[in-house]
Amino acid sequence: MAARVIDGKAVAAAVRERVKVDVAAYKEETGRTPGLATVLVGDDPASEIYVSNKRRTTEEVGMRSIHHGPEASIREEELLDLVRELGEDDDVDGILVQLPLPAHLDSDAVVQALNPEKDVDGLTPYNAGLLAHGTPGLVPCTPAGVMELLAHEGVELEGAEAVVVGRSKLVGVPVARLLLQANATVTICHSRTRDLDETCRRADVLIAAVGVPRLLGAEAVKPGAVVIDVGMNRLEDGLAGDVDYDAAAEVAAAITPVPGGVGPMTIAMLLSNTLQAARIRTTSG
Ligand code: GUN
């Protein structure tokens, strides 16, 4: 039987609508408009599309978009200065430095220069530490989006077997922590995992976030599992996820498509994080 398709576009639209209402209430209460600063180094075409979508939706929900687009040749010290200035600018509530950066720039150093209160990607060691500690903070957008999709689908996580494929700082590790906080039994797989398919087949909830096109097929999916595909791999014939959608959909109970699954959730959660960051700064400042 074919799986139910999880409609990320619709869930993301609902989140954006909720943020829009909350932004209006925040403006009413405080007299200020939350601002999101985006920093895009260089002119990578895919990153340009991502960032322009982030800027457009920021304005659609009633927030301000502030953009910086330094040349790919920028020196690391100059980029660090820009990130620190934005960290001190009172009109800026959230900062997003689009990744990946050109090879001569150390992304860890740039991330560590972010003001943690404005780190709407949840990437700084401070916010990663809060998440590891189980204390509320700014949570990375894609993992937050995955959890929102699971909640929207009514997926029972308490005691469920969850398998995450991929251990990146941006997705794999934080989504595993969120699943653990929701009382799932969590396994993280990576490139050295011995029998990937066998481990994945244990999952009631399978999260693919590894960046290898169509790595997981029907043999990696337990019948009746919920499959969330975070992969966004650009191939000559279009965008492909980390899951072989047609094969997995024959076995799973529900599955996210690529595109139209997790992708739209990332921007929606970025907007939600920006409002959250504005609220934290207004109440603590
Ligand atoms: N590049 C791809 N995804 C992301 C993201 O969520 N945040 C940032 N900053 N860069 C990205």
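Whatever order the structure lists them in is the order used to number ligands and atoms, beginning at 1. Given the structure is predicted, the values throughout are model-derived calculations rather than measurements. The basis for the numbers below is simple: all heavy atoms, side chains too, and nothing from hydrogens, waters or symmetry mates. Throughout, residue positions are numbered sequentially from 1 according to the sequence presented.
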Checklist entry - Is the shortest N/O to N/O distance between Leu96 and ligand 1 below 3.5 Å? => result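 The answer is no, given that Leu96 and ligand 1 share no N or O pair closer than 3.5 Å.
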Next on the checklist: Is it the case that ligand 1 has an N or O less than 3.5 angstrom from some N or O of Leu99?
Outcome noted: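 Indeed, backbone or side chain, Leu99 has an N or O that close.
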Item to check | Proximal atoms of ligand 1 relative to Val97 (non-hydrogen, under 4.0 Å) | outcome: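 This gives 8 (C), 9 (N) as the contact atoms.
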Next on the checklist: A quick test of your reading: do over 12 heavy atoms of other residues, nucleotides or ligands sit less than 6.0 Å from NE2 of His133?
Outcome noted: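 Open.
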Item to check | Residue and atom name of the nearest protein heavy atom (relative to atom 8 (C) of ligand 1), distance in Å to one decimal | outcome: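 Going atom by atom, the protein heavy atom closest to atom 8 (C) of ligand 1 ends up being Asp121 OD2, 3.4 Å.
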Next on the checklist: Among all protein heavy atoms in this structure, tell me which lies nearest to atom 4 (C) of ligand 1, with the distance rounded to 0.1 Å.
Outcome noted: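 Its nearest protein heavy-atom neighbour is Leu170 CD2, 3.7 Å.
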Next on the checklist: Between Thr266 and Tyr50, is there a side-chain donor-acceptor contact under 3.5 Å, judged purely by atom types and distance?
Outcome noted: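 No, Thr266 and Tyr50 have no side-chain donor paired with an acceptor closer than 3.5 Å.
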Thinking salt bridges, do [X] and [Y] make one under a 4.0 Å N-O criterion?
{"X": "Glu153", "Y": "Arg4", "answer": "yes"}
{"X": "Arg32", "Y": "Asp90", "answer": "no"}
{"X": "Glu77", "Y": "Arg84", "answer": "yes"}

